Structure formats: C-alpha cells, structure tokens
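This report concerns only the one structure given below.
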Amino acid sequence: MPEPSRRRPRPGTPGQVLAWLPDGRPADVYSAPCPSRQVLDRIADKWTALIVGCLSTGTKRYSELRTAIDGVSEKMLTQTLRGLERDGMVTRTVYPTVPPKVEYTLTELGRTLTAPLAVIRDWAEIHINEINDARARYDAGV
C-alpha cells in the first residue's frame with residue numbers, strides 16, 4: 001500500500017498533515033467521512049463557544065451556566081453540555097445531595113479550546129459594527 005500524501009489534500013491551512021487517523025488516513029475536515037468534521041461542528045457551535053468561555057474561569061453549576069449565558073434554553077444547554085462531555089471536553093460531577101448538586105468543569109482537552117474560542121468571541125465583538133453595516137448595505141441592495 002503506498003504511503004498517503006503528507007501534504008494537505010484539500011483547501012485550508014497548507015502544510016503537513018496534523019494528525020493521522022487509526023486507519024492510516026490523514027485527518028481532513030474537508031473530507032465528508034472524516035470524523036474531524038464532527039469535531040469542527042461541535043467547536044464551531046455558538047453554545048459551545050459560550051459554555052467553554054464560561055467554564056474557562058472555573059467549575060460552574062448548571063444554574064450558573066444558565067444565568068451567565070443569556071438566551072440559552074435548558075434544552076440547548078443540556079444538549080451542548082452532554083456533547084462536550086461525550087467528546088471529553090467537559091467533566092460532569094454529581095454530588096449525592098438532595099436536590100442533587102451537579103458541577104461542570106473543563107477537562108485538560110477542553111482547556112485547549114479556551115484561547116482559540118476567546119479569539120473568535122473577541123473578533124465577533126470587535127467587528128460587529130462592520131458586519132451590521134455590511135448587512136444593511138446588502139439588504140438595501142447597494
């Protein structure tokens with residue numbers, strides 16, 4: 001079997017392959033069947049960005065997350081936390097009290113997301129006026 005190319009086969013960041021899958025193929029988010037695309041989908045989600053940002057300051061209870069992230073429904077908060085837990089980015093700890101006390105903490109892997117997602121959140125806030133202006137021009141047909 002020939003050795004797979006060490007160059008990225010698709011658009012995006014040029015250079016060496018960053019990771020290899022267990023079957024010997026390169027990880028490639030531009031390839032539909034690559035599992036890295038599912039990870040990109042998870043980390044590109046707005047609720048993930050906000051939850052990771054909130055947890056970057058330390059462990060939080062569910063109610064603290066719900067209060068801190070204005071506009072998130074219980075369903076979306078629960079669904080996103082479960083996905084982050086499944087992906088190994090968040091740890092959920094349940095304490096045997098009445099009512100049960102549940103806390104969420106970023107794992108070591110989850111903490112690696114804090115800086116990249118902070119840059120994206122900052123970018124959105126810094127450029128919101130330019131984006132709103134562009135939207136208004138587009139909507140006006142200019």
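One is the number of the first residue; the rest follow in order along the sequence. Note that the structure is a prediction, hence the values are computed from the model and not measured.
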Handout entry: Pair V52-L106, side chain to side chain contact (heavy atoms under 4.5 Å, CB included): steps then yes or no
Key = CA-CA 7 Å; V52 168; L106 288 176; 4.3 Å; yes
Exercise for the section: Check the pair V102 / R92 against side chain to side chain contact (heavy atoms under 4.5 Å, CB included), numbers first and verdict last. Expected result: CA-CA 7 Å; V102 180; R92 178 178 184 260; 3.7 Å; yes
For the student: nearest non-hydrogen atoms of [X] and [Y], plus distance:
{"X": "T114", "Y": "R121", "answer": "O-NH2, 4.4 Å"}
{"X": "A49", "Y": "L117", "answer": "CA-CD1, 3.9 Å"}
{"X": "V17", "Y": "P26", "answer": "CG1-CB, 3.5 Å"}
{"X": "S56", "Y": "G53", "answer": "OG-O, 2.6 Å"}

Mark yes or no for whether [X], through its side chain, and [Y], through its backbone, hold a donor-acceptor pair below 3.5 Å.
{"X": "T57", "Y": "C54", "result": "yes"}
{"X": "D28", "Y": "Y30", "result": "yes"}
{"X": "E64", "Y": "R61", "result": "yes"}

Handout entry: Enclosure of R82 CZ (heavy-atom neighbours >12, cutoff 6.0 Å)
Key =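 No, not enclosed.
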Practice task
Can you establish whether the number of heavy atoms outside D70 located under 6.0 Å from its atom CG is more than 12?
Solution key: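 Not buried by this count: 12 neighbours or fewer within 6.0 Å.
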Problem - ILVMFWY network linking V29 to L21, side-chain heavy atoms under 4.5 angstrom - result: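 No; L21 is not reachable from V29 via cluster members.
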Practice task
Could you walk me through whether L50 and V72 pass the side chain to side chain contact (heavy atoms under 4.5 Å, CB included) test, one step at a time?
Solution key: CA-CA 10 Å; L50 298 174; V72 67; over 6 Å; no
Does any part of the side chain of [Y], heavy atoms only, come nearer than 4.5 Å to the side chain of [X], both counted from C-beta?
{"X": "V39", "Y": "D87", "answer": "no"}
{"X": "T91", "Y": "Y104", "answer": "no"}
{"X": "T48", "Y": "L84", "answer": "yes"}

State the [atom1]-[atom2] distance between [X] and [Y], to the nearest 0.5 angstrom.
{"X": "R42", "Y": "S36", "atom1": "CZ", "atom2": "OG", "answer": "14.5 Å"}
{"X": "R111", "Y": "M89", "atom1": "CZ", "atom2": "CE", "answer": "13.5 Å"}
{"X": "R135", "Y": "I128", "atom1": "CZ", "atom2": "CD1", "answer": "5.5 Å"}
{"X": "D45", "Y": "Q79", "atom1": "CG", "atom2": "CD", "answer": "8.5 Å"}
{"X": "L77", "Y": "L65", "atom1": "CG", "atom2": "CG", "answer": "5.5 Å"}
{"X": "L81", "Y": "R86", "atom1": "CG", "atom2": "CZ", "answer": "15.0 Å"}

Exercise for the section: Report yes or no: do T59 and T105 form a side-chain donor-acceptor pair below 3.5 Å? Expected result: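 Yes, T105 and T59 have a side-chain donor paired with an acceptor closer than 3.5 Å.
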Handout entry: N-O pairing of K60 and E103 below 4.0 Å
Key =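 E103 and K60: not salt-bridged.
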Exercise for the section: Could you check K101 against V94 for side chain to side chain contact (heavy atoms under 4.5 Å, CB included), going step by step and ending with a plain yes or no? Expected result: CA-CA 6 Å; K101 178 181 174 182; V94 180; over 6 Å; no
Practice task
Before giving the answer on side chain to side chain donor-acceptor pair (under 3.5 Å), spell out for T78 and Y62 the whole-Å C-alpha distance, their side-chain angles and the decisive distance to 0.1 Å.
Solution key: CA-CA 9 Å; T78 299; Y62 183 91; 3.1 Å; yes
